[in-house]
Protein chains: 2
Amino acid sequence: METSRPFARVLEQLRKADLRPTRQRLALAKLLFENGYRHITAEALHEEAAAADVRVSLATVYNTLHQFTEAGLLREIVVDGTRSYFDTNTSDHHHFFHEVSGRLEDIAAEQIVVSELPPAPSGTTVARVDVIIRVTEDTQ
Amino acid sequence: METSRPFARVLEQLRKADLRPTRQRLALAKLLFENGYRHITAEALHEEAAAADVRVSLATVYNTLHQFTEAGLLREIVVDGTRSYFDTNTSDHHHFFHEVSGRLEDIAAEQIVVSELPPAPSGTTVARVDVIIRVTEDTQ
DNA sequence: TGGGAAGTTTAGAATCATTATAAACTTCTT
DNA sequence: AAGAAGTTTATAATGATTCTAAACTTCCCA
């Protein structure tokens, strides 16, 4: 686990990405990376910030989530037309998506074997392979 | 190919789903199913209808796409936060998603082998497994 | 060390896909 | 042929996200 000094990593990544370590970015990074992996929406992070007395506008939350995604600190997941999720786990892995609750759950890369991928269409390069297992809560 | 009489199927499915075969539904079905598989957005289908002199409101296009999806005539694909695609190919298969152009391309089920799926979280049932290979156009 | 350039944040407006509303219209059944 | 049920539609509403432009910070170097 390299979570021991979460900020060292964040600071370094911000530097790499030419993003100034502002109060807002650092506070959001703290919320995002301090406690294990999570899947969070912009709105939810904004509320969490408010609850933690961090004053940040929703626009900044959106900007920051996108900048962190570009910098490789987050991964954006689209499974549901109504909102985007941001995953703090950027390593290779997949997801269960609970269609009723809207919850996402990680699946470690080793738990799914995708073999025999077809070649990428000519003139293109594979950016990512997403496997989403959509599950529904059993009625009973 | 069972495309020889596309309407027999549509009519039957509409009947099964308790949907009246209205002028609008039939016209949209014709546009959707008459020429091989396609991936289309509501907006695009609405424009196509207009171009074909079929008068349908956008609200009806949305309603119809959702009803057809429930009836199993279409499959909804979410790969991009900004719009939903509807796929006229409802058989088991996967997709390439061209991130730049927003285009979707089918991958036959046999071309990808997903083995060793983890068990669905308890209390849930797998509704579908989506594999999306995101590709980017090579710059060059 | 101070001042300006560059980068950042923000409130609020704008956008855009989608959904809701409720009145007018069709279709079905008898 | 008539009423009930189902549909369509224009229009308004919603909600997530992005834009704008002004105020604010941070950085840099003379």
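Quick note on labels: first sequence line is chain A, next is B, and so on, each numbered from 1.
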Base, backbone or nothing for each nucleotide of nucleotides 10-19 of chain C, written B, S, -, heavy atoms under 4.0 angstrom, 5' to 3'? BB-----SBB

So, B/His95 versus B/Tyr85, ring centres under 6.0 angstrom or not?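 No, the ring centres sit 6.0 Å or more apart.
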
First and last nucleotide of DNA chain D in contact with chain B, 5' to 3', at under 4.0 Å to a heavy atom: what are they?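 Under 4.0 Å from chain B, the extent on DNA chain D is D/dA5 to D/dA10.
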
Could you tell me the separation between the CG atom of B/Leu14 and the P atom of C/dC28, rounded to a whole number of Å?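 Rounding to the nearest Å, CG of B/Leu14 and P of C/dC28 are 11 Å apart.
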
Is a side-chain donor-acceptor pair under 3.5 Å present for A/His98 with A/Glu105? yes

Less than 3.5 Å apart, any donor N or O on the side chain of B/Glu76 or B/Thr69 sitting next to an acceptor on the other?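 Short answer, no.
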
How many angstroms lie between OG1 in A/Thr88 and CG in A/Leu31, if you round to the nearest 0.5 Å? 12.0 Å

SB check B/Arg75 B/Asp130 (cutoff 4.0 Å): yes

SB check A/Arg38 A/Glu48 (cutoff 4.0 Å): yes

Evaluate B/His39 against B/Asn89 for side-chain hydrogen bond (donor to acceptor under 3.5 Å, both in side chains), listing each step before the verdict. CA-CA 8 Å; B/His39 304 101; B/Asn89 180 354; over 6 Å; no

Tell me if a side-chain donor or acceptor on B/His94 pairs with a main-chain N or O of B/Val131 at a distance below 3.5 Å.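 Yes, because the side chain of B/His94 sits within donor-acceptor range (under 3.5 Å) of the backbone of B/Val131.
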
